[in-house]
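Take a look at the structure below.
In what follows, chains are A, B, ... by sequence order, proteins preceding strands, each numbered from 1.
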Amino acid sequence: MPTITLPDGTLKRYDSPPTGYDVAQGISEGLAREAVALELDGRLRDLHTRIENDARVRLITTRDPEALEIMRHTAAHVMAQAILRLFPGARLTIGPVIEDGFYYDIDMAPISEEDFSRIEDEMEKIVQARLPVERREVAKDEALTLYRDEPYKREMLQDLADGTISLYRQGDFTDLCRGPHVPHTGFVKAFKLTKVSGAYWRADQTRAQLQRVYGTAFFSRKELKAYLAFLEEAKKRNHRKLGEALDLFSFHEEAPGMAFFHPKGMVIWNALLDYWREEHRAAGYVEIKTPILLKRELWERSGHWANYRENMYTTTVDETEYAIKPMNCPGGMLLYASRPHSYRELPLRAAEVGLVHRHELSGVLSGLFRVRAFHQDDAHIFMTPDQIREEILGVLRLDERIYHTFGLDFLLELSTRPEKSIGSDAQWEQATDGLRAALEDYGREFRINEGDGAFYGPKIDLHIRDALGRTWQCGTVQLDMSLPERFDLTYVDRDNSRRRPIMIHRVIYGSIERFLGILIEHFAGKFPLWLAPVQAVVLPINDDLAPYAREVCGQLGEAGLRATVDDRSESLNRKVREAQLQYIPLILTVGQREREAGSLSVRTLDGVVRHGVTHAAFFERVQSHVRQRRLNLDLFND
RNA sequence: GCCGGCGUAGCUCAGCUGGUAGAGCAGCUGAUUCGUAAUCAGCAGGUCCGCGGUUCGAGUCCGCGCGCCGGCUCCA
């Protein structure tokens, strides 16, 4: 006679053990219709699980976040079922749910996106059939017999603990699976296959190459449409397309993975760095610069030769081996060690916008997001152990200031000691506690990423969230317990003893190239005034007014604005259109009326036109907007 | 690096089963002088990614490279 406790505290008594579905129906028909699973004493289970004993029960409906994952897992099964029907020789491996959908790794002949529509058609049939999804539990031996011809499933079974194994069946398809699943395939209402690629069995390059087919699924067509619209929007914002359309940068075969910055791209670049320098000066940093080509022995000493050689570009000059720096730190160490330091100088905050090269695999290159040459907005902070907390806090506050200037929110993550690491337990504990204490002082939520630290120390990562809600890891603060040792860095303490400084590496933009790429997508190419390559364009309404337009443009230049004149013999409509398409934040039209009144007609990127704006009002507004680095594009909108 | 897709004018793309390259936009020239998202006309523009091969003949078929895109792995 089980008694069931519902989330609101209601107790329900049953004469015989009910299933989750029975419970739902006992509450309402609607609930029974929307229920996809249940949570039994905190564990997710199939809806048709029989509840034998007293338990806390929560019904999971299509509105609960867990439901989507459960349904997507079923969707992966539906896809696998469809693929098996169409490609009889295929062998299934694993098919998990991922952030935006699911995938299934299948050992089969390569397929392409052209095969998607027939797989989707087959899936549709399975969904329409509303096949019940049934769980069956068997002994491990039995499962092994069942899967005698499925090498991958056998391998997975071997790794599972002895005991019962669960199988899920829907119609002619059975798969080894932990579950839970939705009650029937009809719940997979709106789905779409998104991409296909190669992936290795167990992510091991020496093992079989599988086909990884990706898909996504939602409970309603509307949600699927919204997701596809999001993908469409992301595609429109693609920084590679916008970078070309706005003439910001380009890539060339002669230097794969290395960006060429055009004049307009450099304007943004410089604006980013001007701002960065302003903030760093205010935060007590000094700036340094170290060479990019350094001898092999330096890299041996720093440990890069042993640990990072694969990614380094090397060369031999006069029979001496050199490497192009993949990181700035060893150079920074030399600079620190070039003279004695007193405790009075610490913390010493040395920033460096360093150009580094890393030989990334050709297949991973991707616009500005993944390149082989990039600039890090690096800094190394040398300090005494009791300064750790305050210094880390200072870095976090600087991160926050800078990200907020771009309208970017961020998430924090603390990564602790990995398996392969150097240093003593005591050192790690001290370092990790230092970071944690700083995070706690800082007061924002943070996630712990166990075992994901660098081999030389723990770190805090900052993930920014862009306008589309996507996150990107940009900032990082890493405590380094190795380099000060290897380079024998010291400072003289108040008691005249030589001490080892603590050092952190940190970046805020991360890679300037990548950060710029993120900003292009974040702003969809519509840069705020302070970053816009061309801030204003002056359009004379006819050729007679061109000289006056040039005069106005000159005044804008004197006021510190980046302005141009479009005095081509084209229609005004055309010039307005082109200026809008270039996302120029201020489109200024001058005609007879403006010349006589000494005013401007101002069009902002929201398409709003304001006539009769006086020069004084214009300059006042625009200059303060730039000075404050404000983000709104409708900058005359009070 | 691996798997799949792609590579035709500055850009976006067309080019059927092999018969010797085409459009729109951009550019140039001229006309038009215009009040807030494309004025009109003419002209010019191509080692069809590269190198080999098959063929009487290759943008099209085959092989090998290179680059780009989507993933795998790693990371900023």
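- Remark: the Gln580(A) side chain and the A38(B) base include no donor-acceptor N/O pair separated by less than 3.5 Å.
- Among the protein residues, Glu513(A) comes within range of no part of the nucleic acid, since none of its heavy atoms lies under 4.0 Å from any strand.
- Considering only the side chain of Arg568(A), G27(B) comes nearest among G27(B), G70(B), G35(B).
- The nearest whole Å value for the distance from the CZ atom in Arg372(A) to the C1' atom in G67(B) is 11 Å.
- In this structure, Val364(A) reaches the bases: a heavy-atom distance under 4.0 Å links it to at least one base atom across the strands shown.
- The side chain of Ser197(A) has G71(B) as its nearest neighbour among C66(B), G71(B), A37(B).
- Using a 4.0 Å cut-off, no side-chain N or O of Ser569(A) falls inside it from OP1 or OP2 of U32(B).
- When distances run from any side-chain atom of Arg593(A) to the nucleotides G35(B), A37(B), G7(B), the shortest one goes to G35(B).
- If you take NZ of Lys195(A) and C1' of C69(B), they are 12 Å apart, rounded to a whole angstrom.
- Closest contact between the side chain of Tyr200(A) and the listed nucleotides A76(B), G1(B), G35(B) involves G1(B).
- With respect to the salt-bridge test (charged N to carboxylate O, under 4.0 angstrom), the residues Glu391(A) and Arg349(A) qualify.
- Side-chain atoms of Gln592(A) and Glu596(A) form a donor-acceptor pair, as typed in the model, at a separation below 3.5 Å.
- A distance of 6.0 Å or more separates the ring centres of Phe102(A) and His73(A).
- Backbone-only contact: Leu365(A) has heavy atoms under 4.0 Å from sugar-phosphate atoms and none from a base.
- The number of heavy-atom neighbours closer than 6.0 Å to NZ of Lys575(A), taken from other residues, nucleotides and ligands shown, is above 12.
- Proximity note for Ser366(A) (side chain, C-beta onward) versus A37(B), G27(B), G70(B): the nearest is G70(B).
- Listed candidates were G35(B), A76(B), U39(B). Nearest to the side chain of Ile541(A) is G35(B).
- Heavy-atom nearest nucleotides on RNA chain B were determined for Leu539(A) and for Phe374(A), and the one closer to the 5' end corresponds to Leu539(A).
- Looking at heavy-atom distances under 4.0 Å, Val507(A) makes no contact with the nucleic acid at all.
- Considering only side-chain atoms of Glu244(A), the nucleotide from A37(B), U12(B), C75(B) that sits closest is U12(B).
- Nucleic acid contact for Tyr214(A): sugar-phosphate only, since backbone atoms but no base atoms lie under 4.0 Å from a heavy atom of the residue.
- Judged by distance alone, the side chains of His380(A) and Asn328(A) never bring a donor and an acceptor atom under 3.5 Å apart.
- At the heavy-atom level, Arg212(A) lies under 4.0 Å from the strands shown only through sugar-phosphate atoms.
- Side-chain N/O atoms of Tyr313(A) and His357(A) include no donor and acceptor closer than 3.5 Å.
- The side chain of Ser511(A) approaches A76(B) more closely than any other nucleotide in the set A76(B), G35(B), G67(B).
- Looking at heavy-atom distances under 4.0 Å, Gly517(A) makes no contact with the nucleic acid at all.
- In this structure, Lys235(A) atom NZ and U12(B) atom P are separated by 14 Å, rounded to whole Å.
- Counting distance only, with no hydrogens placed and no angle test, the side-chain atoms of Glu594(A) and the base atoms of G35(B) include a donor-acceptor pair under 3.5 Å.
- A donor-acceptor contact under 3.5 angstrom links the side-chain atoms of Arg370(A) to the base of C75(B).
- Ring geometry, Phe636(A) versus Phe618(A): the interplanar angle falls under 30°, so the pair is classed parallel (tilted spans 30 to 60°).
- Contacts of His252(A) with the nucleic acid, taken as non-hydrogen atoms under 4.0 Å apart, are absent.
- Atoms CD1 (Ile106(A)) and P (G71(B)) sit 18 Å apart, rounded to a whole Å.
- Within the 4.0 angstrom heavy-atom criterion, only backbone atoms of the sugar-phosphate kind lie near Lys241(A); the bases stay farther away.
- Rounded to whole angstrom, the span from the CD atom of Glu360(A) across to the P atom of C72(B) amounts to 15 Å.
- Remark: the Asp543(A) side chain and the U33(B) base include a donor-acceptor N/O pair separated by less than 3.5 Å.
- A close approach under 4.0 Å does not occur between any side-chain nitrogen or oxygen of Arg358(A) and OP1 or OP2 of A76(B).
- Among A76(B), U39(B), G35(B), the nucleotide with an atom closest to any side-chain atom of Glu570(A) is U39(B).
- Comparing A76(B), G35(B), U39(B) against the side chain of Ser571(A) picks out U39(B) as the nearest.
- Residue whose closest nucleotide on RNA chain B sits further toward the 5' end, between Val609(A) and Val196(A): Val609(A).
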